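Just below is one structure, and these are the notes that go with it.
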Amino acid sequence: FLNVIVVTQDIVPGLEIKIIEGRTFNPDEDSGKMLINESARRKYDFRIGDKWNGYEIIGVIPDIKIFSFYKSSSTPLALLVGDEAGEDRRFYMCMKLKPGVKEEDAIAYCQKVVEPLESTSKIHVRTLDEVAEELYEEDINRMSLFSLFCGLSILIAVMGVFGLIVFELQSRRKEIAIRKINGATA
């Protein structure tokens, strides 16, 4: 299946996505047009000018990671311009911060700008770090659990070695005492 993300015309220059073939979106005139990634072109044999569900394909972009790195790297993806998301839609805003701009200041500014819109819908501002942390939360928990069991197994191994040394010393205790009595040095 094809993953479709509804975007605005300025997504390509904003995220500095390269166009491999075809063209990018034209401002205010490409509603209902879409860009596909290389995986979608290979999997479905799309060409520039083809239509998919009534949307014209105008360009091809490189494969972009939108899921965890554990999922296939070749996820068919389309970027669609227009208000086609339907009733249950989510809006995302991507920002690229200039060097020197603090992340906290940018988030505060975004929240201030979208505050008037919150009467109609709930808006939640998140950073890419938070999204990645959520995406890999299960892996982080699994890694913590793995580290705990590794530490536990090392502790058990050390206790085993210590027990073996104590047992060996107990069994040689008489032998050492007899040697000391007969004049052996330490």
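Given the structure is predicted, the values throughout are model-derived calculations rather than measurements. Both backbone and side-chain heavy atoms feed into the values below; hydrogens, waters and symmetry mates do not. We count residues from 1, following the sequence as given.
- One distance of note links CD1 of I61 with CD of E21; it measures 13.0 Å at 0.5 Å rounding.
- Side-chain contact between E137 and E133 is absent, with no heavy-atom pair separated by less than 4.5 Å.
- Interatomic distance, CD of E138 versus CD1 of I140, reported as 11.0 Å (0.5 Å rounding).
- Residue L155 shares its hydrophobic cluster (ILVMFWY side chains chained together at separations under 4.5 Å) with M159.
- Taking the side chain as every heavy atom from C-beta outward, R23 and I58 approach each other to under 4.5 Å.
- In this structure, the separation between OG1 on T185 and CZ on R179 is 11.0 Å, given to the nearest 0.5 Å.
- Clustering ILVMFWY residues whenever any of their side-chain heavy atoms sit less than 4.5 angstrom apart, transitively, puts V161 in the very cluster that holds L169.
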field: side chain to side chain contact (heavy atoms under 4.5 Å, CB included) between I19 and L35, worked out
entry: CA-CA 9 Å; I19 301 294; L35 297 174; 4.1 Å; yes
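- Side-chain atoms of N3 come within 3.5 Å of backbone N or O of P76 as a donor-acceptor pair.
- In this structure, E103 has no salt bridge (charged side-chain N to carboxylate O under 4.0 Å, His left out) partners at least two apart in sequence or on a different chain.
- Heavy-atom contacts from other residues, nucleotides or ligands closer than 6.0 Å to CZ of R172 number 12 or fewer.
- When all heavy atoms of F25 and M34 are compared, the closest pair comes out as CE2-CA, 4.0 Å.
- Note: the hydrophobic cluster containing I48 also contains I36 (ILVMFWY, side chain heavy atoms under 4.5 Å, direct or indirect links).
- Residues P62 and I17 come closest through the heavy atom pair CD-CG2, 4.3 Å.
- Counting heavy atoms from C-beta outward, L145 and N141 have side chains that stay 4.5 Å or more apart.
- Side-chain contact check for V4 versus Y55: every heavy-atom pair is 4.5 Å or farther apart.
- With values rounded to the nearest 0.5 angstrom, E168 atom CD is found 14.0 Å from R173 atom CZ.
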Side chain to side chain contact (heavy atoms under 4.5 Å, CB included) between D63 and R42, intermediate numbers included: CA-CA 11 Å; D63 288 337; R42 279 191 305 272; 3.5 Å; yes
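- The other residues sharing a hydrophobic cluster with F162 are V166, where clustering joins ILVMFWY side chains under 4.5 Å apart.
- To the nearest 0.5 Å, atoms OH (Y44) and CG (D50) are separated by 14.0 Å.
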